[in-house]
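Okay, so here's the structure we're looking at.
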Number of protein chains: 2
Amino acid sequence: MSERRPGEIPEATVARLAVYLRVLTGLVDASTVIVSSEELAAIAGVNSAKLRKDLSYLGSIGTRGVGYDVTLLREKIASSLGLTQRRTCVLVGVGNLGHALAGYPGFSSRGFTFVGYFDVDPGRVGDPIADSKISDISELESVVEANGVSIGVIATPAEAAQTVCDRLVDAGVTSILNFAPSVLAVPDNVDVRKVDLAAELQILSFHEHRKSRGPGDGLVESVG
Amino acid sequence: MSERRPGEIPEATVARLAVYLRVLTGLVDASTVIVSSEELAAIAGVNSAKLRKDLSYLGSIGTRGVGYDVTLLREKIASSLGLTQRRTCVLVGVGNLGHALAGYPGFSSRGFTFVGYFDVDPGRVGDPIADSKISDISELESVVEANGVSIGVIATPAEAAQTVCDRLVDAGVTSILNFAPSVLAVPDNVDVRKVDLAAELQILSFHEHRKSRGPGDGLVESVG
DNA sequence: AACCGCTTGTGAACGTAAGAACAAAGTCGA
DNA sequence: TCGACTTTGTTCTTACGTTCACAAGCGGTT
Ligand SMILES: NC(=O)c1ccc[n+]([C@@H]2O[C@H](COP(=O)([O-])OP(=O)(O)OC[C@H]3O[C@@H](n4cnc5c(N)ncnc54)[C@H](O)[C@@H]3O)[C@@H](O)[C@H]2O)c1
Ligand SMILES: NC(=O)c1ccc[n+]([C@@H]2O[C@H](COP(=O)([O-])OP(=O)(O)OC[C@H]3O[C@@H](n4cnc5c(N)ncnc54)[C@H](O)[C@@H]3O)[C@@H](O)[C@H]2O)c1
């Protein structure tokens, strides 16, 4: 019955590991040495059984009767997420959103190095950005190849996203973070994650709609 | 065995409805009249059976042997998501990211009206933003209450997020979109969605890490 | 009207994830 | 050294989500 291979971490768990990592970094900063699953789960906003199960995929890290060594756990999670080596990234499309992303220090502090910011607009190319400069999109491939870039961030309009994606993939990028509202087609070996902000608001809208009709009543409003 | 109430749409489905809606809007613009589940699924990047099941929660909309009426389906999804009425929103924290969000026309075009942009920084208050002005955070409650705001967007630093959240909730906001890397505590009747961009990169990093060790082999590199 | 080809809507099988509950395994005090 | 106590790691159950496969239903054609 579908025994999970050791080292195979469920997708849902991976997403939460990133959250635990952030919480643990906060605890390290606060000089906390030991934390129990109950405490950590409370801070991370999850069920403690779920947290323990998540951590169990990384091996047996805690001490029964005591809890988890904060520093050790943080390192273990970081290494599971492949964060022991810095990852190089490029950003394509330095408009409104691209500027915000480029100016965010949280990426670098978490081990992500942006080695290039690209735009097609000649009016923007050369502009300073995050102690670097906006490069022309024509330089994309050479920068990606020279730096072994593995992650590409797309913040262009939707129409350009697939073209940009194809170029990134051809140049060797194997992970894409897409902010454009479009579905990207990629080869099997490439991972895509999308951030669809309008969709987020629409999902909230759905729940608002549901709430406003009263929770769980079968009342159908004005049919016919 | 847990029969699903009519009108109860699974969470995973709701998230995809937003995607279908966007695709359908594109089809309407392209004057497409009818679309089959196969076509629509291909564009939306999902399995066609999944798409049909998703749509089946909205009732029987398609015509067997033919497909779905694009306009009708679009309207049906929009109404299910509660997008027939415009939703009013406020944005708190008009820094890097907040500016990008405020300048984005895609929210308004999808039925979300921002009625206030708030910041605590006196140096920013009064600055023009998206044919409006940045307001002082002290005006938050009055604007929320006066406009019946249901959605609050938080783009402040993590430290301020919980405080801002509490104020939004107290003022009557029942849905929160949180960009700050922090876990928000809210009452049961309030929905929170978080957008954690650093976590997205870390998830991609995980898969990079996994890929670089070869897909699925049990090989452990350089232990000891 | 009867048939044919096509596409929907759904029931059943499968897979993944969440949560409850508890045995195992450790610490600490006597 | 022993026993009481605490918290982990895991098993088992239940819920949720995805995919397959096909009967049901519709439009067009003869
Ligand atoms: N700004 C937001 O808050 C927001 C919210 C939701 C979604 N988005 C999406 O994010 C994307 C970017 O949004 P934005 O507000 O920054 O838009 P923007 O128009 O301000 O910026 C887009 C940038 O991409 C550049 N560009 C266009 N084609 C390109 C190409 N082929 N190669 C390289 N660069 C190219 C443009 O020159 C421009 O600088 C859009 O797809 C938008 O729909 C943005
Ligand atoms: N910029 C990005 O690309 C990015 C990426 C990932 C996460 N984030 C997160 O999004 C949030 C905003 O990021 P940013 O880059 O815009 O930061 P920023 O510092 O540029 O902007 C934060 C704004 O919030 C305001 N603020 C602070 N406390 C406030 C309060 N109590 N009430 C109202 N306003 C307050 C500040 O005056 C400032 O204008 C942060 O939590 C950040 O971690 C941003």
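A note on names: the letters A, B, ... follow the listed sequences, proteins ahead of strands, and every chain is numbered from 1. As the structure is a computational prediction, the values presented were derived from the model and not from experiment.
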From [atom1] of [X] over to [atom2] of [N], roughly how many Å is that when rounded to an integer?
{"X": "Ile9(A)", "N": "dT16(C)", "atom1": "CD1", "atom2": "P", "result": "15 Å"}
{"X": "Leu51(A)", "N": "dT10(D)", "atom1": "CG", "atom2": "P", "result": "14 Å"}
{"X": "Asn47(B)", "N": "dT8(C)", "atom1": "CG", "atom2": "P", "result": "13 Å"}
{"X": "Leu55(B)", "N": "dT8(C)", "atom1": "CG", "atom2": "P", "result": "9 Å"}
{"X": "Ile34(A)", "N": "dT7(D)", "atom1": "CD1", "atom2": "C1'", "result": "12 Å"}
{"X": "Lys50(B)", "N": "dA21(D)", "atom1": "NZ", "atom2": "C1'", "result": "17 Å"}
{"X": "Glu39(B)", "N": "dC6(C)", "atom1": "CD", "atom2": "C1'", "result": "12 Å"}
{"X": "Leu58(A)", "N": "dT8(D)", "atom1": "CG", "atom2": "P", "result": "14 Å"}

Discussion item. Does Ile61(A) reach a base, just sugar-phosphate, or nothing at all? Heavy atoms under 4.0 Å.
Written reply: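 Contact class for Ile61(A): sugar-phosphate only.
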Worksheet item: Base, sugar-phosphate, or nothing: which does Ala49(B) touch, judged by heavy atoms less than 4.0 Å apart?
Response: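 The residue Ala49(B) makes base contact.
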Practice prompt. Go through the N and O atoms of the side chain of Arg64(A) and the base of dT7(D), and report whether any donor-acceptor pair is under 3.5 Å.
Written response: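 No such pair is found, so the answer is no.
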Got a list of side-chain donor-acceptor pairs under 3.5 Å for residues 188-195 of chain A, not counting sequence neighbours?
residue: Asp191(A); atom: OD2; partner: Lys211(B); partner atom: NZ; Å: 3.1
residue: Arg193(A); atom: NE; partner: Glu200(B); partner atom: OE1; Å: 2.4
residue: Arg193(A); atom: NH2; partner: Glu200(B); partner atom: OE1; Å: 3.2

Tell me whether the OP1 or OP2 atom of [N] has a side-chain N or O from [X] closer than 4.0 Å.
{"X": "Arg52(B)", "N": "dA21(D)", "value": "no"}
{"X": "Tyr57(A)", "N": "dA17(C)", "value": "no"}
{"X": "Ser60(A)", "N": "dG9(D)", "value": "yes"}
{"X": "Tyr68(A)", "N": "dT6(D)", "value": "no"}

Worksheet item: Stepwise, does the side chain to side chain contact (heavy atoms under 4.5 Å, CB included) test hold for Val149(B) with Phe114(B)?
Response: CA-CA 9 Å; Val149(B) 168; Phe114(B) 279 77; over 6 Å; no
Counting only side-chain heavy atoms from C-beta out, which of [options] sits nearest to [X]?
{"X": "Lys53(B)", "options": "dA17(C), dG27(D), dA12(C)", "answer": "dA12(C)"}
{"X": "Ser56(B)", "options": "dA20(C), dT19(D), dG9(C)", "answer": "dG9(C)"}
{"X": "Val66(B)", "options": "dT8(C), dT10(D), dG27(D)", "answer": "dG27(D)"}

Practice prompt. Starting from the 5' end of DNA chain D, give me the residue, Thr13(B) or Thr63(A), whose nearest nucleotide shows up first.
Written response: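 The 5'-side residue here is Thr63(A).
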Discussion item. Counting C-beta onward and ignoring hydrogens, is there a side-chain heavy-atom pair between Ile77(A) and Leu55(A) closer than 4.5 Å?
Written reply: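 Answer yes - side chains close enough.
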Practice prompt. Find out whether Ile137(B) and Val92(B) are in side-chain contact, i.e. whether some heavy atom of one side chain is under 4.5 Å from a heavy atom of the other.
Written response: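 They are in side-chain contact.
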Worksheet entry | CA sep, side-chain torsions, deciding dist, call: Ile154(A), Leu168(A), side chain to side chain contact (heavy atoms under 4.5 Å, CB included) | CA-CA 10 Å; Ile154(A) 299 178; Leu168(A) 286 167; 3.9 Å; yes
Worksheet item: So which one's nearest nucleotide on DNA chain C is more toward 5', Arg16(A) or Ser36(B)?
Response: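 Nearer the 5' end of the strand: Ser36(B).
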